[in-house]
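The block underneath contains the structure these notes are about, expressed in structure tokens.
The sequence lines fix the lettering, A, B, ..., with proteins before strands; numbering per chain opens at 1. Here the structure is a predicted model, which means the values were calculated and not measured.
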Amino acid sequence: MDYTPGKADSPRQLVLGLAFGIVFGFLLQKGGVAKYEVLMGQFLLNDFTVIKVMLTAIVVGMLGIFSLRALGLVELHVKPARYAANIAGGLLFGVGLGVLGYCPGTGIVALGQGNYDAIAGILGLLAGSYIYAETSGYLGSTIEKIGNRGGIMLPDVLGVRLAVFLVLFVPLLVIGLFLIAQLAP
Amino acid sequence: MIMGAWSPYLVGTLIGLLSMATFYFSNKPLSVSTAYARLAGLLGNLLAKGHTGNLKFFQETKPKVEWGVMLVLGMLLGAFIAAVSGGEITGAWVPVLWEQRFGPDIALRLGIAFVGGAILAFGARLAGGCTSGHGISGALQLSVSSWIALVCFFAAAVATAHLLFHL
């Protein structure tokens, strides 16, 4: 998503992007989640490192972002719900994930740690992005129009207040994390 | 089992804190896949500028080097620093697990990786994000589209991995 259309990012933003990227890449490598064996191990359901990293990041980030927002320090960037495209694209993405064994982020990290097969994956990502752009006019007037609900959030769907939802959902995620830690240490 | 150098809970916690920092300092969520699309657009501009500029997607998502592209360049550097510092530079064309299942043929691995990458990117654009943009940033904002996408990512990846390795 482009949050500042047309406007070029300031030098400060570009430097921040680079700095945040260095930290993100460093962390993903240290977490081991850019290793083909760890990623495929997650999908073969014999290594739960990826879910542990993601779920922990989601819980910490969720508490952090909604706290900062309550203080008026950040604004949300919720992606629009387009049910048909979210599902079809999500399933395609999963197939690609199983075939490549890296995701877009861990692919670049895999290259950084010397997994050169990621180069072919990255070239594929560039090609696939362009193929999508070729078809974007058609997709935009067909599948991406189905189930278009805008930037809705889980509490909206359930009809509960955000605070109430968080009080229930965060402990649920933490319990899930504890169960995974117990069952797949 | 092959472990990461650091605990997954520590890494997850630090990624959560990093998310807070990108929202606060850059007013942006962590997201990766759009950067590949912008780079693809820049390459398209080199080869067929008029055609690329006419595509709907590139009119909405300008091919340019911006925050997200810098993020991805930084990730390459950060991963390299982490791997060197931990003595984990692999220098391999074929992953060990792949070789056990499909053999050491480099061309086969690269060909399949290219196809996988293409499906991955098309899926990410259609779904509106990837493991970072939907899976972490969107999920932590309670975005409905992101939780739907995340469930689909995992379901299809689990099915694909089992087809490839257990059939």
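The ring of A:H77 has its center closer than 6.0 angstrom to the ring center of B:F23. Side-chain rings of A:Y130 and B:F58 approach one another, their centers coming within less than 6.0 Å. Between B:F154 and A:F43, a ring centre-to-centre spacing shorter than 6.0 Å is recorded. If you look at A:F169 and B:W147, their ring centroids are closer than 6.0 Å.
The part of A:L173 that comes within reach of chain B is its side chain, from C-beta onward, which places non-hydrogen atoms under 4.5 angstrom from that chain. Contact of A:T135 with chain B is made through the side chain alone, with heavy-atom distances under 4.5 Å. Residue A:L68 touches chain B through its side chain alone, counting heavy-atom pairs closer than 4.5 Å. Using a 4.5 Å cut-off between heavy atoms, A:Y102 contacts chain B through both its backbone and its side chain. Using a 4.5 Å cut-off between heavy atoms, A:L55 makes no contact with chain B at all. Contacts between A:A34 and chain B at a heavy-atom distance below 4.5 Å are absent for every atom of the residue. Contacts of A:L14 with chain B are made by both backbone and side-chain atoms, with heavy-atom separations under 4.5 Å. Only the side chain of A:R12 comes within contact range of chain B, judged by heavy atoms closer than 4.5 Å. Both the backbone and the side chain of A:V109 come within contact range of chain B, with heavy atoms under 4.5 Å apart.
Among the candidates B:T52, B:L10, B:V115, the residue making the largest number of heavy-atom pairs closer than 4.5 Å to chain A is B:T52. Counting heavy-atom pairs under 4.5 Å between each of B:G91, B:G135, B:G68, B:S7 and chain A puts B:G91 at the top. Considering only heavy-atom pairs separated by less than 4.5 Å from chain A, the leading option among B:L55, B:I15, B:V11 is B:L55. The most heavy-atom pairs under 4.5 Å with chain A, out of B:F57, B:F80, B:Y36, B:F25, come from B:Y36. Chain B forms the most heavy-atom pairs under 4.5 Å with one residue out of A:L97, A:L16, A:V95, and that residue is A:V95. Most heavy-atom pairs under 4.5 Å with chain B: of the set A:V23, A:L166, A:I87, A:L162, this distinction falls to A:I87. Of all the listed residues (B:S19, B:A149, B:C130), the one sharing the greatest number of non-hydrogen pairs under 4.5 Å with chain A is B:C130. Contact tally against chain B (heavy-atom pairs below 4.5 Å) for A:Y83, A:F66, A:F165: the top residue is A:F66.
Side chain of A:D9 to backbone of B:W67: a donor-acceptor contact under 3.5 angstrom is found. Judged by distance alone, the side chain of A:T56 and the main-chain N or O of B:G12 form no donor-acceptor pair under 3.5 Å. A donor-acceptor distance shorter than 3.5 angstrom exists from the side chain of B:S145 to the backbone of A:K79, with no hydrogens or angles considered. Judged by distance alone, with hydrogens and angles left aside, the side-chain atoms of A:N86 form no donor-acceptor pair with the main-chain N or O of B:I148 at under 3.5 Å. Side-chain atoms of A:Q113 never come within 3.5 Å of backbone atoms of B:A79 as a donor-acceptor pair (strictly under, hydrogens ignored). Without hydrogens or angle criteria, B:Y24 side chain to A:V74 main chain gives no donor-acceptor distance under 3.5 Å.
The pair A:K30-B:E88 does not meet the salt-bridge criterion, since no charged nitrogen lies less than 4.0 angstrom from a carboxylate oxygen.
Counted by atom type alone, B:T90 and A:Y116 present zero donor-acceptor pairs between their side chains at under 3.5 Å.
Scored by the ring pair (Phe, Tyr, Trp, His ring centres under 6.0 Å) test, B:F122 finds A:Y132 as partners (sequence neighbours excluded).
Heavy-atom neighbours of chain B within the stretch residues 144-153 of chain A, taken at a separation under 4.5 angstrom, comprise A:E144, A:I152, A:M153.
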